[in-house]
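Excluded from the calculations below are hydrogen atoms, water molecules and symmetry mates; all remaining heavy atoms, backbone and side chain alike, are included.
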Amino acid sequence: KSTSNIEIIEGTISVINNSSSYGIYNDNIGNIIITNGTLNSNSGNGSERSDSSKSYGIYNASTGSIKISGGTINSSCDITMYQNYYGIYNANAGNVTISGGTINSSNNSTSTYSRGYGIYNTNNGYTEITGGTIINTNKGSSSYGIGNNGIIKVTGGSIYSSSTATSNY
C-alpha cells in the first residue's frame with residue numbers, strides 16, 4: 001500500500017454513479033489534504049432504486065487523517081428510496097480537522113428511508129472543527145450535522161442540519 005498523501009489544491013473532481021459514489025476513497029495510511037478546489041460526488045438520478053445507494057464526498061477507510069482548510073466538498077444522493085449520503089465518512093480511527101471550506105451534503109428525495117450526514121465518524125476517530133461550514137439538507141427522514149462514535153471538538157465554524165420530513169440532529 002502507498003503511504004502517499006492525496007492533496008487537492010485547485011480544480012474540480014466530479015463522480016456520478018447510479019449505485020454508490022466516492023469522491024475520494026482512501027484505503028492507505030496517507031492523509032487527505034484539501035486547501036482549495038471542488039469535490040463533487042453524486043449517487044443516482046431521479047427514480048433509480050438501489051437498496052445500497054450511498055454517496056461519499058470523502059471515504060476514509062484507513063488511519064490517515066483528513067485536513068480541510070478550504071475548498072468545497074459536495075455529496076448528494078438523488079435516488080428515490082433507501083439512500084445514505086455523507087460529506088465525510090471516517091470509517092477508521094483517522095483524525096478529521098476542519099479549519100475552513102464548505103462541506104455540503106444533500107438529498108432531494110422525500111423518502112422516509114434516507115439518512116444524511118455532514119460528517120460521520122464510525123470508529124474512535126477524533127474530529128476537530130475550528131472553522132468552515134458544514135451543511136446537511138435532507139428532504140427525507142433524518143439529517144445529521146455530525147454522526148459520531150469518537151471524539152468531537154468544535155471551537156468555531158458553522159454546522160447546519162435540516163430535514164423537511166422528520167428528524168434533525
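- Judged purely by atom type and a 3.5 angstrom limit, Asn31 has no side-chain atom pairing as donor or acceptor with the backbone of Asn5.
- The closest side-chain donor-acceptor pair between Ser105 and Asn136 falls under 3.5 angstrom.
- The side-chain hydrogen bond (donor to acceptor under 3.5 Å, both in side chains) check on Asn60 picks up Asn26, Asn90, with sequence neighbours excluded.
- Under a hydrophobic-cluster definition in which Ile, Leu, Val, Met, Phe, Trp and Tyr are linked whenever side-chain heavy atoms come within less than 4.5 Å, directly or via other members, Ile66 and Ile151 are assigned to different clusters.
- Within the model, atoms OH of Tyr22 and OH of Tyr56 stand 4.5 Å from one another, a figure rounded to the nearest 0.5 Å.
- Of the inter-residue distances, the one linking Tyr126 atom OH with Thr97 atom OG1 reads 7.5 Å to the nearest 0.5 angstrom.
- There is no side-chain donor-acceptor pair under 3.5 Å between Thr133 and Thr102.
- Connection of Ile13 to Ile9 is not established within any shared hydrophobic cluster, with ILVMFWY side chains joined at heavy-atom distances below 4.5 Å, either directly or through further cluster members.
- The structure places CD of Glu10 at 9.0 Å from OG1 of Thr35, a figure rounded to the nearest 0.5 Å.
- Note on ring orientation: taking the six-membered ring where Trp is involved, the planes of Tyr117 and Tyr86 are parallel (angle under 30°, cut-offs 30° and 60°).
- Ile33 and Ile129 fall into different hydrophobic clusters, where Ile, Leu, Val, Met, Phe, Trp and Tyr residues are linked whenever their side-chain heavy atoms come under 4.5 Å apart, directly or through other members.
- Between the CG atom in Asn92 and the OG1 atom in Thr63 there is a gap of 6.0 Å [rounded to 0.5 Å].
- With sequence neighbours left out, the ring pair (Phe, Tyr, Trp, His ring centres under 6.0 Å) criterion links Tyr160 to no other residue.
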### Task
Assess whether side-chain contact (heavy atoms from CB on, under 4.5 Å) is satisfied between Asp27 and Ser62, documenting all intermediate values.
CA-CA 5 Å; Asp27 66 351; Ser62 188; 5.6 Å; no
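- Between the OG atom in Ser55 and the CG atom in Asn40 there is a gap of 9.5 Å [rounded to 0.5 Å].
- Atoms CD1 and CD1, from Ile24 and Ile6 in turn, are 5.5 Å apart once rounded to the nearest 0.5 Å.
- Taking both residues in full, the closest heavy atoms of Gly57 and Leu39 are given as O-CD2, 3.3 Å, listed atom of the first, atom of the second, then distance.
- Under the side-chain contact (heavy atoms from CB on, under 4.5 Å) test applied with Ile58, the options Ile34, Ile119, Ile103 reduce to a single match, Ile34.
- Side chains of Ser41 and Ser75: a donor-acceptor N/O pair is absent below 3.5 angstrom, by distance only.
- The hydrophobic clustering, which links ILVMFWY residues whose side-chain heavy atoms are closer than 4.5 Å, places Ile135 and Ile146 apart.
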